Participant: 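This structure is in C-alpha cells; I'll ask about it shortly.
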Amino acid sequence: MFVTDLTCWACGAHYPIEGLINLCKCGKPLKVNYDLSAVKDRLSPAKLLSRDWNLWRYREVLPLDLEVEPPTLGEGCTPLLLVDALADALGMKSGRLFIKDEGVNPTGSFKARGMAVAVPMAKQLGATKLAVPSAGNAGGAMATYAARVGIEAHVFMPKDVPMANRLECELMGAKVTLVDGLITDCARIVQERKAEEGWFDVSTLKEPYRVEGKKTMGYEIAEQRDWKLPDVILYPTGGGTGLVGMWKAFEEMERMGWIGSERPRMVSVQAAGCAPIVRAFEAGVSDAGMFENAHTVASGLRVPRAIGDFIMLDILRKSGGTAIAIEDSELMADAYAMGASTGVNTCPEGGACLSALRKLLATGAIRPQDTVVLFNTGTGVKYAEAFAAYPL
Ligand SMILES: *Cc1c(COP(=O)(O)O)cnc(C)c1O
Ligand SMILES: [Zn+2]
C-alpha cells in the first residue's frame with residue numbers, strides 16, 4: 001500500500017491511516033496522501049494496458065491493502081463517447097464533444113465508484129455496520145458494496161425518495177428507514193445514533209475514501225484521451241466528491257509525470273432550486289453556507305449544504321472554470337434531448353450538463369473548438385417519477 005497519511009483539506013493537520021476516521025478535529029474533510037514517487041517506480045501508463053478494465057487498474061493510487069482482493073462488480077472504466085451529432089446541433093466542431101457515461105456503472109450511477117472503495121476500506125479498518133443518509137443513488141451503492149463484502153448497511157431516506165433508489169437498497173439487504181423530512185433530517189439521525197449503534201458514517205466527504213474511488217474518473221479521462229486532458233469538464237455537482245476527486249487525480253498524475261501542468265476549466269452545474277455553489281461562486285466567497293428550501297427533481301443535486309464547498313470553489317476558480325444553475329424544466333427537456341441525439345440513457349443531472357453547455361456556448365465561455373467532456377452521472381431509468389412529472 002502506498003498511502004502515507006491523511007491531511008485535513010482545510011487546516012493541514014496530519015492523521016495516521018490506521019483506524020476508522022470521519023472528519024478532522026476542525027470539522028473539515030480529510031485527504032488521502034500517497035508516496036507518489038514509489039507509485040511512479042511501480043506503475044506507468046504503459047503498464048496499465050494489460051490490466052483489468054475496472055477502476056482497480058489504478059490500484060497503487062487507491063487505499064485498499066494490496067493483499068486484499070478488491071470486491072469488484074465491474075465499476076468504473078465507463079465509455080467516453082464521441083457525440084458528433086450533438087456537437088453539430090450545438091454548432092461545435094466535430095471530434096470535440098464527449099459524454100462520460102457513468103450510467104453504465106453497477107448500481108446505475110457513479111456513486112458505485114466511491115462506495116466500491118469506501119466500503120471495503122471501512123471493513124479493512126474494522127467497521128461492521130455502515131450508515132448513510134441518501135435521497136438518491138448513494139444509499140443503493142453503499143448497500144450494494146456492503147452486500148458484496150458482507151457487512152451491515154443502514155440507509156436513511158426521505159419518504160418521498162424515488163422508488164428505484166429505495167428498492168435497490170432493499171434488494172441488497174440493507175435496513176432502510178424512511179424519514180418524514182429532508183436529507184438533512186436523515187443526516188441528523190445518523191449523526192445522533194451512530195455512536196450508540198456502532199455505525200460508521202459513510203456520508204459524502206465525511207470519510208476520506210469515497211473521493212478516492214471517484215477520482216478514478218480523472219485517471220480514466222486522461223487514459224482514454226491518451227494522457228491529454230480536455231479543455232472543459234461539465235460536472236453536475238451535489239456534494240462535490242467527483243469534482244474534488246478528479247482535481248486530486250490531475251495533481252497526482254502531474255506529480256508522477258503522466259500529464260503536464262495544464263488543467264481543464266472545471267464547470268459546476270447545479271439545479272436552480274438548489275445552487276449553493278453557484279451562489280457562492282458568484283458572490284466570490286469560499287463558504288457556500290446552507291441553501292434554504294432546496295428542491296429539484298435531479299436528486300443527485302439536492303445537497304443544500306456541502307461540507308467540501310471550500311474545496312470545490314477553490315478548484316472552480318483555480319481552473320478558470322465557472323458555476324451555473326439550470327431550471328428543472330430545462331434540465332429535464334435536455335435529458336430527453338440528450339437521449340434522443342446520442343443514445344445515452346440520460347439522467348436529469350446529465351441533462352443539466354447539456355443545458356449548461358448550451359448556455360456557456362452562447363456566452364462564449366466555451367468555444368466551438370474546445371474539447372469538452374460532459375458527465376452523464378447516472379442512468380435515466382432510475383428516475384421514473386421525475387420523467388413522469390416532466391413528460392416529453
Ligand atoms: C450524487 C450524484 C451527483 C452529484 O455528485 P457529487 O460528486 O456528490 O457532487 C450527480 N449526479 C448523480 C446521478 C448523483 O447520484
Ligand atoms: Zn482540519
Side-chain angles (χ1 to χ4, degrees), residues 6-15 21-31 78 100-105 107-115 118 132-142 161-162 164-165 168 183 202-206 208 210-218 233-248 266-271 274-277 288 296-312 315-316 323 326 331 335 345-353 374-383 386:
L6 307 172
T7 48
C8 176
W9 283 97
C11 76
H14 285 261
Y15 293 84
I21 189 163
N22 285 112
L23 297 169
C24 178
K25 282 193 210 70
C26 79
K28 300 296 183 188
L30 295 171
K31 175 185 187 174
T78 58
K100 183 75 170 152
D101 186 13
E102 293 292 304
V104 302
N105 272 298
T107 81
S109 90
F110 67 173
K111 292 290 191 299
R113 292 181 188 264
M115 292 300 184
V132 78
S134 174
N137 293 310
M142 191 273 262
V161 68
N165 297 121
E168 65 179 338
I183 179 81
V202 286
S203 301
T204 300
L205 279 166
K206 287 191 184 165
R210 280 174 66 181
V211 171
E212 295 303 294
K214 281 268 193 96
K215 83 179 177 189
T216 56
M217 296 189 294
I233 291 179
L234 294 157
Y235 184 81
T237 312
T241 39
L243 210 58
V244 172
M246 282 192 282
W247 196 257
K248 184 171 187 283
M266 305 297 278
V267 178
S268 167
V269 181
Q270 298 202 297
C274 182
I277 300 302
T296 169
V297 286
S299 51
L301 307 185
R302 215 185 295 145
V303 181
R305 178 156 187 38
I307 190 167
D309 53 359
F310 67 102
I311 317 172
M312 282 188 265
I315 292 167
L316 299 178
I326 310 294
L331 65 86
N345 197 316
T346 306
C347 63
E349 295 85 349
C353 289
L374 181 164
F375 268 87
N376 182 53
T377 43
T379 179
V381 296
K382 292 177 89 175
Y383 292 81

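Worth knowing before you read on, the calculation uses all heavy atoms, side chains too, and leaves out hydrogens, waters and symmetry mates. What you see is a predicted model; the values in this text were computed from it and never measured. Atoms within each ligand, like the ligands themselves, are counted from 1 in listed order.
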Participant: Would you call Lys248 and Glu212 a salt bridge, taking side-chain N to carboxylate O under 4.0 Å as the test?
Facilitator: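 Between Glu212 and Lys248 there is a salt bridge, with a charged N closer than 4.0 Å to a carboxylate O.
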
Participant: Distance-only criterion, 3.5 Å: show the donor-acceptor pairs between side-chain atoms of residues 296-307 and protein atoms not counting sequence neighbours.
Facilitator:
| unit_1 | atom_1 | unit_2 | atom_2 | d |
| --- | --- | --- | --- | --- |
| Thr296 | OG1 | Ala298 | N | 3.0 |
| Thr296 | OG1 | Asp328 | OD1 | 2.7 |
| Arg302 | NE | Thr296 | O | 3.0 |
| Arg302 | NH2 | Thr296 | O | 3.1 |

Participant: Any side-chain heavy atom of Arg210 within less than 4.5 Å of one from Leu205?
Facilitator: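 No. Closest side-chain heavy atoms not under 4.5 Å.
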
Participant: Please table the atom pairs, donor to acceptor, closer than 3.5 Å between any side-chain atom in residues 233-242 and protein atoms at least two apart or in another chain.
Facilitator:
| unit_1 | atom_1 | unit_2 | atom_2 | d |
| --- | --- | --- | --- | --- |
| Tyr235 | OH | Gly242 | N | 3.2 |
| Thr237 | OG1 | Tyr235 | O | 2.9 |
| Thr237 | OG1 | Ser268 | OG | 2.9 |
| Thr241 | OG1 | Lys214 | NZ | 2.8 |

Participant: So what's ligand 1 close to, N/O to N/O, under 3.5 Å?
Facilitator:
| unit_1 | atom_1 | unit_2 | atom_2 | d |
| --- | --- | --- | --- | --- |
| ligand 1 | 7 (O) | Lys214 | NZ | 2.8 |
| ligand 1 | 7 (O) | Tyr235 | OH | 2.5 |
| ligand 1 | 7 (O) | Thr241 | N | 3.2 |
| ligand 1 | 7 (O) | Thr241 | OG1 | 2.9 |
| ligand 1 | 7 (O) | Gly242 | N | 3.1 |
| ligand 1 | 8 (O) | Gly239 | N | 3.2 |
| ligand 1 | 8 (O) | Gly240 | N | 3.3 |
| ligand 1 | 9 (O) | Gly238 | N | 2.7 |
| ligand 1 | 9 (O) | Gly239 | N | 3.3 |
| ligand 1 | 9 (O) | Gly240 | N | 2.7 |
| ligand 1 | 11 (N) | Thr377 | OG1 | 2.7 |
| ligand 1 | 15 (O) | Lys111 | NZ | 2.8 |
| ligand 1 | 15 (O) | Asn137 | ND2 | 2.9 |

Participant: Quick one, Ile311 and Trp247 - any side-chain contact, counting heavy atoms below 4.5 Å?
Facilitator: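 With C-beta onward as the side chain, the pair stays apart.
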
Participant: Using the rule side chain to side chain contact (heavy atoms under 4.5 Å, CB included), only one of Asp101, Thr379, Thr377, Asn376 pairs with Thr346; which is it?
Facilitator: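 Of the listed options, the one satisfying the test is Asn376.
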
Participant: Please check: side-chain N/O of Lys100 versus main-chain N/O of Thr78, any donor-acceptor pairing under 3.5 Å?
Facilitator: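 Yes: the side chain of Lys100 pairs with the backbone of Thr78.
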
Participant: Quick one, Cys347 and Ser109 - any side-chain contact, counting heavy atoms below 4.5 Å?
Facilitator: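 With C-beta onward as the side chain, the pair stays apart.
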
Participant: Which of the protein's N, O or S atoms come within less than 2.8 Å of the Zn ion (ligand 2), not counting waters?
Facilitator: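 Per the 2.8 Å query on the Zn ion (ligand 2), atoms found are Cys8 SG, Cys11 SG, Cys24 SG, Cys26 SG.
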
Participant: Could you tell me whether a side-chain N or O of Asn137 sits under 3.5 Å from a main-chain N or O of Lys111, the two making a donor and an acceptor?
Facilitator: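 A pair under 3.5 Å: no.
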
